Q: 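Quick one: structure below, then a few questions.
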Amino acid sequence: MTKNLRVKSSEYIDETNRISFKFNGKTYHGFKGDTLASALLANDVHLVGRSFKYHRPRGIMTSGSEEPNAIVQINPGTNRTEPNVRATEVEIYEGLEASSQNCWPSVEFDIGGINNFLSPFFPAGFYYKTFMWPASFWEKYEFFIRHSAGLGKSPTSSDPDIYDHRNIHCDVLVVGAGISGILAAKNAAKNNFRTLLVDEKNELGGSTIFENNEFNKIDNKTPSEWLKKEIEKLKNIKNLEIKTRTSVAAYHQYNYLLARENLTDHLEAKDKTNKIRQRLLKIRAKKVILATGALERPLIFNNNDRPGIMLSSAIKKYSEFYGVACGSKNVFFTNNDSAYESAISLYNKGINVEAIIDIREQSESKIVKKVKEAGIKIYWSHSIVDTTGYKRLNSISIMKLSNDGTSVTGSKISISCDCLGVAGGWTPAVHLYTQSGSKLKFDEEKKVFLPNQNTSEQISVGSCGGDFKIDEIIKNLNQKIKDTLNINETDLDGIKVEIDQENSKRNIWLLPSDKPIGKTKPFVDYQNDATAKDIKLALREGFRSIEHVKRYTTTGMGTDQGKLGNMHALGIIADTAGVKMGELGTTTFRPPYTPLTFGTIVGRNVGKFFDIFRRTPMNDWHVENKAEFENVGQWKRAWYYPINGETMHQAVQRESKAARESAGILDASTLGKIDIQGSDASEFLNRVYTNAWSKLAIGKCRYGLMLNEDGMVYDDGVTTRLGENHYIMTTTTGGAANVLGKLEDYLQTEWPELDVYLTSVTDHYATASLCGPNSKKILKKIIPDLDLSDENFPHMSFKESKIGNVQCRIMRISFTGEHSYEINVQASYGKDLWEKCIEAGKEFNITPYGTETMHLLRAEKGFIIVGQDTDGTMTPIDLQMDWIVSKKKYDFIGKRSLYRSDTMREDRKQLVGLLTDDPNIVLEEGAQIVSKLNQSPVEMLGHVTSSYFSPNLKKSIALAVVRGGKDMMGKKLFVPMENKNINVTVANPIFYDEKNERLNA
Amino acid sequence: MFLINCPYCGERDQQEFKAGGEAHIERPKQPTELSDDEWAEYLFMRKNIKGVQFERWNHAHGCRKWFNMIRDTSNDEIKAIYKMGEKPPSQ
């Protein structure tokens, strides 16, 4: 029978709306407004998980996103399951299921719990030290380590939810809707700044909303009452957008912030469908006001991790906000007055508080007096030395602290309790602040890191800026808002604040026990099971840098990134090493502040939008005709067109023969096209290509090779002179964007004096390449008026014409060695052009061919493909293309590099043809080439770059790059493969129609 | 993610831009007159400064214009932006 620990009704909990949910298979009830954590606590469930390394039972520790222990698997076994979710952040809904993680077979009985008793054998660096030998065994060790470690389980089926991205530009972004954030946002918006206020919680108000200390007053009201009125006023303010359930994950430079807005996680399954689950907000703010608050820190003492040990502020929130008592016998352990506020909060609700253990000698504030009057026993100058209770706290032992705080004296007192609230002071949440690149400074008096040097337009207000008391908060906030927004007055000017003064402080990072440290377990990082002992061990072993200690001990490396314990880790290191904390610095806070789902990060860019494809205007035809496609750059290109179940090889053989024997047609629309105009266009081409362009007549085409400044081949293609000052350049499909970028670069930065304008027109034209001995007859059928005689329209020339009413540009150029035409029309007529060609070519058995056949046909002719036969280390000389390098031109891009000592070496890899001695063996592309077998070490001469079986030559052919290959004509070489050595002979790379007779056939 | 003030378009997000390496390295007017070492100096040698660096940037997904930027590489503060051909402003 579980106890009901619901105490007094709370306005944030709707007790008329009862909700059932399951935890570890068991059904519980909570109310609308509960988090999973508050609902479990109301059912007296503290044990929710097991720790990472020792599998120690762990309970709910906090009430917010800093939770290290209560991380659960949501809706296990469903496609919406999510691991590593903090129970303190999950709003319950009807049908919610959750389960514990990192335990087997159950959280109540966990086999891994044995690790706790073996813990003397698991010191810091245990895995590094133990599994080093023999090195080859690591894979076997790793298998077991990975299985025994591990947090939750990722979903195995695809995510049914929709995610979204939104860009937001605002004048002022306020992060955190506690008292400071609300007041800052209100004043910004009222002064006509477009303001966005975000908070990770579902309710505004932060911790002030349950601040009922009767000794603190704002305008004679308790801070809670006062703030609720202020929140009411926000509703009618223009220019103010408020987003709750929105957690800022990252704060980048130039005030660029990423936030996750949670839209449906708190809804029942039936209400989640067809809605956006989470949205990534990409916020660019002119000014950022950080009001991220502070996190209460625990105290570090022996066995401080048992279920039932919680933050004092969390106990107060559960009582005030959720109306839940976390225990029936409560004790507090503190170094400041805030635990007294929590104690009074419980006392006022009739919840039993047994005692308060305070490491200070005394405190004179009103709230302490009130605790005394309430008859709650206070143990001054005492510390907890041990706790008991395996799955739930059942007692603590306390002893008197020595004056210097390093040891305990006197006799041990045992106090029976089921819940312990610890209050170790407050740590400003400066995570986002430091992510922005701004720098912190350690405040030795307050024992906190505070914002110091801002790098962007930002301020930190409230407790994240170091102001913990309401009077300080309002006073400093008022001034900071005026300064940053450049305004003279705010509605904070006349506010009257009274507060209860706290005047006694004592901070001890690691509290002593009566046992030696080696026999204790004072946890610093709860999630990763790093203890103070581990940190001290790391220092003994010589680690000094805080970043190294962190990695060695894994302190702060869990999913909570050590939000609770990092300050203690630093304090313990500083104390042990005898340095000041300010000198030690802090570890880097990295985004995200709280974990993000992958869905949020990718947004809509999933499935077919993951990587957008470009398709040609003829694409539908290719699809209808069962083409197989290959990816070329961003393009989907028809690869080959199998008919009657042909394999790729069969299809390519058929297509290649048809193109040479009668007619073939290729979709060449993807080739890059750059329109070049201007009075210096010819001079420009002279400078960017290796060959000469000045004398190219209007209406003529020329092949050009473009180098990088280092002399290596960069791109190639045919450029046509359309007019006196007008050219159209084609580039490789993949190189189009880069070539345009490079040309623009030279034009704008090196040769601004040239009158040249470049425009990308790749998408404006569709191109059908008609090729083969019957191509002329087919074109004649399509455009009967055009004189296609060699005299009027010779190879490497251009005609402007019309197909019906459609303007077209026709280049008589060839990448296959056959008589061919490239017909360009406006893209929207592309499919029509294609269909006309197919129709006209029917009587000649016109055969559509894809990129694979194109590659084969050009390889027969020894034409290179930049990027396949070249790899950024090939000069035109290496390619045996000396003929295209002008000797007369004074300069062109890359020219000087062709005369560097390295590029002039004779033994560079050079492009050659390779023929296999057995004509049926087709070499593998990428295969290595050697001159001698059985040598050691093997001397690699080069490799095969292109290789095909040529149906037209009825033998295999290959292009290869071979060291010194130019002078190896006829030489026998070897291509050693896994099972055999293939004998090859170096040959002329032009295998077919060496005299180019077919161009005019 | 920087906010870059393109001299032609105004403030735009960094993702519209492409970095283009060190600025103010002029292509030699007479490359053939240069020794291998001098050419290599132009071709390969670039500074990699922690601190104030002069860089070329291109508004690749915008106006496609190249411009110069002075940036502190240690904290990514953009000190100045000026057009190609202009002298760097005194800081």
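The chains referred to below are lettered A, B, ... by the order of the sequence lines, with proteins before strands, and numbering in each begins at 1. All figures in this text were calculated on a predicted structure; none of them were measured in a lab.
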Q: Can you establish whether the number of heavy atoms outside A:Lys887 located under 6.0 Å from its atom NZ is more than 12?
A: yes
Q: Evaluate the side-chain proximity of B:Asp13 to A:Lys282: yes if any heavy-atom separation is below 4.5 Å, no if none is.
A: no
Q: Which donor-acceptor pairs under 3.5 Å do side chains of residues 14-24 of chain B form with protein atoms, sequence neighbours excluded?
A:
unit_1	atom_1	unit_2	atom_2	d
B:Gln14	OE1	B:Phe2	N	2.8
B:Glu16	OE1	B:His59	NE2	2.7
B:Glu22	OE1	B:Lys47	N	2.7
B:Glu22	OE2	B:Lys47	NZ	3.4
B:His24	NE2	B:Tyr82	OH	2.6

Q: Of the non-hydrogen atoms in A:Tyr890 and B:Lys29, which two are nearest, and what is the gap between them?
A: CE2-O, 4.1 Å
Q: Give a yes or no on this: more than 12 heavy atoms of other residues, nucleotides or ligands lie within 6.0 Å of atom CD of A:Glu906.
A: no
Q: Which atoms of A:Ser901 come close to chain B, meaning under 4.5 Å heavy atom to heavy atom: side chain ones, backbone ones, both, or neither?
A: both
Q: Tell me, for B:Met1 versus chain A, whether the close heavy atoms (under 4.5 Å) come from the side chain, the backbone, both or neither.
A: both
Q: Heavy-atom count around B:Asn48 CG within 6.0 Å, excluding the residue itself: above 12?
A: no
Q: Taking every non-hydrogen pair under 4.5 Å, which of A:Glu744, A:Gln253, A:His252 racks up the most with chain B?
A: A:Gln253
Q: Do A:Asp891 and B:Thr32 have side chains that get closer than 4.5 Å, going by heavy atoms?
A: no
Q: Check the surroundings of atom CD in B:Glu26: do more than 12 heavy atoms from other residues, nucleotides or ligands lie under 6.0 Å from it?
A: no
Q: For the residue pair B:Arg64 and A:Leu740, establish whether any side-chain heavy-atom pair is separated by less than 4.5 Å.
A: yes
Q: I want to check something: taking the side chain as every heavy atom from C-beta on, are A:Gln748 and B:Phe67 in contact at a cut-off of under 4.5 Å?
A: no
Q: Considering only heavy atoms, which portion of B:Asp36 lies under 4.5 Å from any heavy atom of chain A: side chain, backbone, both, or neither?
A: both
Q: Only counting residues at least two apart or in another chain, list the ones meeting side chain to side chain contact (heavy atoms under 4.5 Å, CB included) with A:Tyr899.
A: A:Lys895, A:Arg896, A:Met904
Q: With a cut-off of 6.0 Å (strictly less than), are more than 12 heavy atoms of other residues, nucleotides or ligands near CZ of A:Phe609?
A: no
Q: What part of B:Trp66 is in contact with chain A, defined as an atom under 4.5 angstrom from a non-hydrogen atom: side chain, backbone, both or neither?
A: both
Q: Does any heavy atom of chain B fall under 4.5 Å from the side chain of A:Ser897, the backbone, both, or neither of them?
A: both
Q: Measure distances from B:Ile25 to the heavy atoms of chain A and classify the residue's part below 4.5 Å as side chain, backbone, both or neither.
A: backbone
Q: With rounding to the nearest 0.5 angstrom, report the CZ to OG1 distance, B:Arg27 to A:Thr749.
A: 10.5 Å
Q: Determine the option with the most heavy-atom pairs under 4.5 angstrom with chain B, choosing from A:Asp710, A:Asp745, A:Leu747.
A: A:Asp745
Q: Please look at B:Leu3 and chain A and tell me whether the side chain, the backbone, both or neither of the residue comes under 4.5 angstrom of a heavy atom of that chain.
A: both
